Each structure stands twice: as structure tokens, then as C-alpha cells.
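Working notes, structure below.
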Amino acid sequence: MNKNLVLFVVSVLILSVGLFGVSFGGNRVANVENVASENTISVTGHGVISVKPNVCYVNLGVELQRKTAKEVSEKAATIMNNVITAIKDLGFTDEDLETVEYSLTPVYSYPQNEPPVLTGYRLRNIVRVKITQKNEEGNLDTSLIGEVIDAATENGANVVSGITFDVLNKKELKLQAITLAMEDAKKKAETALSAVNETIKTVIEINVSDVSFPSWIGKNMNLRGESTTPIFTGAQNITVSVNVKFGF
């Protein structure tokens, strides 16, 4: 009897410890989750930088058609040499010029019920002019755009296409926008926590969204000697958002 009683008591004790151990563990996990949930704050910060373009690209050149490939090649070469010389007279160098298109294709007529007939050759030669010069205010000198186009068309260029604007220092501007966004997120978190007498203790997580760079609408023109009009560009915004989780 005594032996059986002892075994019964031991069994009860083991069962009790097991049950209490599971219960305490569950409570402990719940408490950790509550602490983690109660001690974080998530905010979104925005960074905005207003910029004006500091570079312009102008594609211009010649498109001709003649009876023979030799004739059209020689004529186009003469015109493009004159165009490039005129552009360099404005202060541009070889580094500012890039050939972006050169094509020579046969041209056919298609008489009804007859084989195609070769009627000539069409040549297209386009160069890209990079404009970065600044005016007295430190902005892109857009007056040079008109001067470049005028110089080209006056010397035989009959194609001006793809006038585009951009910024050269995108990496630097992106970092500046991210810094502003982080400062905005921190200020929002600090303001919210100060209302409940809390302060930021750590940063738990940061997510940076893609930076949005501005795009300036380009222009496409086919000019045959017409005088160009002034071109104006305005400031646009570079924006970035960050999602930050702070611990307090």
C-alpha cells in the first residue's frame, strides 16, 4: 500500500509540473509578442527635391535621296561636314557630338504586275549634340538649343528630332532625396511618440521605394530652313518614399 501511494504521489507531481510548464511557456511567448507589438511604430517619410535639367540632347542631321549610293553619300557627307563645323564654331567639341544613326537603303518603285524597280538610294545621318553650358543664373543655357538648330539648318540639316532634357548628377540627387525622406520619417515618429512621453530607441527596418525622376517632354521636328523658336524648361520634382519601423 505504501509503495502504491508513493507512486501515485510522484505521478501527480510530474503531471502538475508538466502542465504548469506548458502554461508558463505559453504566457511567456504571449508576453514577448505583446512587447514587440507595443514597442514599435511604423511611419512613411517623403523626400522631394526640385530640379531643373542641366543637360539637353538634340538629334539633328540630314536625310537625302539620290539616284546612286555614291551620289547620296557624297552629298550627305558634304552637308554633315558643314553642319558639324558650324556647331563647333559655337564652342562645342568632338566630345559633345555622337553619331546615333547612319543608314543607306535602296529605294524601289513597284509598278503593277512588274518586278520592283530600283529608283535610288536614301541616306540618313543623325548626330546627337550634348548641351551643358550654363547661363549667368547657373541654369542650362537653353538659348544655345536654338542656336545649334539654326546653325545646323542653315548649313543643310533637314532633320531635327528628339530634343530631350535630363539631369547628369542623378546619383547625388537620389541620395539627397533619401536623406530628406528619412528625416521626415524620423520627425513624424518623434512627434507621435512625444505625445505619449516616449522616444525613439532604435531603427528596426527601413524600406526605400524607387526614386521617381522627372521627365521633360521632348520635341520632334522636321525642319527645312525655318527659324527656330526659343525653348523653355521648368523645374520638376525628384521624389522618394521610405517606410521605417522604429523601436521605442
Side-chain angles (χ1 to χ4, degrees), residues 22-59 95-96 98 100 128-145 161-221 230-248:
V22 171
S23 176
F24 291 146
N27 289 338
R28 189 177 298 112
V29 172
N31 289 337
V32 171
E33 291 177 349
N34 290 336
V35 169
S37 174
E38 293 173 358
N39 289 339
T40 64
I41 180 173
S42 297
V43 295
T44 300
H46 302 283
V48 180
I49 297 178
S50 179
V51 296
K52 290 184 177 182
N54 54 19
V55 62
C56 174
Y57 300 99
V58 182
N59 292 357
E95 293 182 354
D96 301 316
E98 178 186 2
V100 294
R128 175 174 295 168
V129 184
K130 178 182 178 182
I131 302 173
T132 57
Q133 290 87 335
K134 297 181 180 180
N135 55 25
E136 294 180 354
E137 290 76 26
N139 299 318
L140 180 67
D141 189 355
T142 56
S143 66
L144 277 175
I145 301 171
S161 63
I163 300 176
T164 58
F165 300 89
D166 205 351
V167 288
L168 294 174
N169 53 331
K170 286 185 177 180
K171 183 176 181 180
E172 176 185 345
L173 294 172
K174 176 180 179 179
L175 295 178
Q176 291 178 13
I178 291 174
T179 298
L180 292 177
M182 285 298 299
E183 291 174 352
D184 181 49
K186 181 181 178 183
K187 184 176 181 179
K188 289 177 179 178
E190 288 175 339
T191 301
L193 292 175
S194 65
V196 291
N197 297 320
E198 294 285 354
T199 59
I200 294 174
K201 291 184 173 61
T202 185
V203 176
I204 298 174
E205 184 178 355
I206 299 175
N207 291 309
V208 181
S209 68
D210 291 336
V211 178
S212 173
F213 283 98
S215 60
W216 289 266
I217 298 176
K219 299 184 178 182
N220 294 298
M221 296 175 283
I231 298 173
F232 302 94
T233 59
Q236 296 196 42
N237 293 334
I238 295 175
T239 60
V240 63
S241 298
V242 296
N243 298 310
V244 187
K245 180 183 289 187
F246 294 99
F248 64 91

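As the structure is a prediction and not an experimental result, all values here were calculated from the model.
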Exercise. Is the NZ atom of Lys174 crowded by more than 12 outside heavy atoms at less than 6.0 Å?
Worked result: no
For this session: Can you establish whether the number of heavy atoms outside Glu137 located under 6.0 Å from its atom CD is more than 12?
Result: yes
For this session: Report the C-alpha distance between Lys187 and Glu183 in whole Å, list the side-chain angles of each, state the deciding distance to 0.1 Å, and finish with yes or no for side chain to side chain contact (heavy atoms under 4.5 Å, CB included).
Result: CA-CA 6 Å; Lys187 184 176 181 179; Glu183 291 174 352; over 6 Å; no
[atom1]/[X] to [atom2]/[Y] distance, rounded to the nearest 0.5 angstrom?
X: Ile131; Y: Ile163; atom1: CD1; atom2: CD1; result: 8.5 Å
X: Phe165; Y: Asn54; atom1: CZ; atom2: CG; result: 11.5 Å
X: Arg128; Y: Asn59; atom1: CZ; atom2: CG; result: 4.5 Å
X: Leu180; Y: Ile238; atom1: CG; atom2: CD1; result: 11.0 Å
X: Asp166; Y: Leu168; atom1: CG; atom2: CG; result: 7.0 Å
X: Asp184; Y: Thr179; atom1: CG; atom2: OG1; result: 12.5 Å

Search all heavy atoms of [X] against all heavy atoms of [Y] and return the closest pair with its distance.
X: Ala185; Y: Thr44; result: CB-C, 4.5 Å
X: Gly47; Y: Ala181; result: N-CB, 3.5 Å
X: Ile200; Y: Ala189; result: CD1-CB, 3.8 Å
X: Lys52; Y: Val167; result: O-CG1, 3.7 Å
X: Thr132; Y: Val55; result: CG2-CG2, 3.7 Å
X: Ile145; Y: Cys56; result: CD1-SG, 3.6 Å

Could you tell me if the side chain of [Y] sits less than 4.5 Å from the side chain of [X], heavy atoms only?
X: Leu173; Y: Gln176; value: yes
X: Val43; Y: Phe246; value: yes
X: Phe248; Y: Ile41; value: yes
X: Ile178; Y: Val208; value: yes

For this session: For the pair Met182 and Val242, evaluate side chain to side chain contact (heavy atoms under 4.5 Å, CB included) and give the outcome as yes or no after the intermediate values.
Result: CA-CA 7 Å; Met182 285 298 299; Val242 296; 3.9 Å; yes
Exercise. Could you go step by step and tell me if His46 and Lys188 meet the side chain to side chain contact (heavy atoms under 4.5 Å, CB included) rule?
Worked result: CA-CA 11 Å; His46 302 283; Lys188 289 177 179 178; 3.9 Å; yes
Exercise. Is a donor on one side and an acceptor on the other found under 3.5 Å between the side chain of Thr40 and the backbone of Gly247?
Worked result: no
Exercise. Quick check: does any side chain N or O of Asn169 sit under 3.5 Å from a backbone N or O of Glu172, one acting as donor and the other as acceptor?
Worked result: no
Exercise. So Ile206 and Asn243, side chain to side chain contact (heavy atoms under 4.5 Å, CB included) or not? Walk me through it.
Worked result: CA-CA 6 Å; Ile206 299 175; Asn243 298 310; over 6 Å; no
Exercise. Quick one: do the Asn237 and Thr239 side chains pair a donor with an acceptor below 3.5 Å?
Worked result: no
Seminar exercise, completed: Residues pairing under side chain to side chain donor-acceptor pair (under 3.5 Å) where one sits in residues 195-206, two or more places apart or in two chains, turn out to be Glu205-Asn207
